[in-house]
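Letters A, B, ... are given to chains in the order of the sequence lines, protein chains preceding strands, and every chain is numbered from 1.
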Number of protein chains: 2
Amino acid sequence: MTVRRPYAAALEWLRAAGLRSTRQRLALTRLLFAGTDRHVTVNALHKEARANNVRVTLATVYNTLNQFTEAGLLREVVVDASCTYFDTNASHHHHFFCEEDRYLVDIPGEELKVAKHPHPPPERRSRR
Amino acid sequence: MTVRRPYAAALEWLRAAGLRSTRQRLALTRLLFAGTDRHVTVNALHKEARANNVRVTLATVYNTLNQFTEAGLLREVVVDASCTYFDTNASHHHHFFCEEDRYLVDIPGEELKVAKHPHPPPERRSRR
DNA sequence: GTGATTGCAAATCTTTTGCACTAAA
DNA sequence: TTTAGTGCAAAAGATTTGCAATCAC
């Protein structure tokens, strides 16, 4: 089940999260949510924005994607120490990562199932 | 099944990988493989080394852990964009990560099982 | 000896932050 | 107005690299 939110829904979402509808956020939201699900890096989105004549700073893209993630609109996918992706599909799912070409591929639907997993470690449950 | 390699076995392993037995590598190997399985960061191991009167540079710890990983003696565990752990248990297994206290916990034995997973994406299988 | 390894400092890369200015509500 | 958001440049962290000195073999 894909939970991609179309552009309009994303805007609602941001308003509900108390984020102002600035020019930059609107533009980035459109880039992210106008089409199908995407996996973007901060850098790639920044370049894409500028290519689309959106005047926005790299720092703002960082801030924005972090805020969107905090609001639950995006999902952060940490690949390695020097590359984080943001996934417009915020539902719980897994990925393949192509190390050679450095891109993510969704593992669709129920194709990956965790049959059994342990409880959180006891030290966490008993402390505090 | 734990595949911790005792110190002596680790030394063999390094020799087989063509890595010279330098003072720094020997010391780091002992710290890593003298006891039970460990999850260490570069920084933590560097501090530990210095606390044990091992004269070694941070850069060398970086290089060494990367070489050990390449040799298959360690496993790299990427937690987030600013923290990589190295696991002395190089076998295939999973972890819990405590975000609050920032440490890894092994998921022992067969407690986590992936019931079903998809084939690698077709574009990878057909290309090249 | 000879080439691998190390130390050191500088460089790189990603991400965050401080602050004055701008814009949304 | 009032406060949040942005740009810019600087800072912060993690990691890598260049190069001369050192060490393993």
Review point. Which comes earlier along DNA chain D counting from the 5' end, the contact point of Ser21(B) or that of Val42(B), where each point is its nearest nucleotide?
Key: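 On the 5' side of the pair lies Val42(B).
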**Study point:** Residue whose closest nucleotide on DNA chain D lies nearer the 5' end, Asn43(B) versus Val56(A)
**Key:** Val56(A)
Gap between atoms [atom1] and [atom2], on [X] and [N] respectively (whole Å):
X        : N       : atom1 : atom2 : result
His46(A) : dT14(C) : NE2   : C1'   : 14 Å
Leu45(B) : dT15(D) : CG    : C1'   : 15 Å
Asp80(B) : dT14(C) : CG    : P     : 16 Å
Glu70(B) : dT5(C)  : CD    : C1'   : 15 Å
Leu58(B) : dT5(C)  : CG    : C1'   : 16 Å
Leu14(A) : dA4(D)  : CG    : P     : 17 Å
Arg50(A) : dT6(D)  : CZ    : C1'   : 13 Å
Arg20(A) : dT1(D)  : CZ    : P     : 16 Å

Determine: side-chain N/O of [X] to OP1/OP2 of [N], distance under 4.0 Å, yes or no.
X        : N       : value
Gln24(B) : dG7(C)  : yes
Asn63(B) : dT5(C)  : no
Thr84(A) : dT15(C) : yes
Tyr62(A) : dT16(C) : no
Arg25(B) : dT5(C)  : yes
Thr60(B) : dG7(C)  : yes
Asn66(A) : dT16(C) : yes
Thr22(A) : dA4(D)  : no

Practice item. Can you see which heavy atom on Val56(A) is nearest to which on Arg50(A), and at what distance? Key: O-NH1, 3.5 Å
Point to revise | Arg55(A) to Arg23(A) - nearest heavy-atom pair and separation | key: O-NH1, 3.0 Å
Check your understanding: Does the distance from a Lys or Arg side-chain N to an Asp or Glu carboxylate O, for Asp37(B) and Arg75(B), drop under 4.0 Å?
Key ->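 Looking at Arg75(B) together with Asp37(B), the answer is no, because their closest N to O distance does not fall below 4.0 Å.
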Exercise for review: Supply the atom-to-atom distance Thr60(B) OG1 to Leu65(B) CG, rounded to the nearest 0.5 angstrom.
Suggested key: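 Here the interatomic distance stands at 10.5 Å.
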Point to revise | Spacing of Arg30(B) atom CZ and Leu11(B) atom CG [to the nearest 0.5 Å] | key: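 Going from CZ on Arg30(B) over to CG on Leu11(B), the span is 8.5 Å.
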**Study point:** Nucleotide of dA24(D), dT6(D), dG7(D) approaching Thr64(A) most closely (side-chain heavy atoms)
**Key:**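 Within the option list, the nearest is dT6(D).
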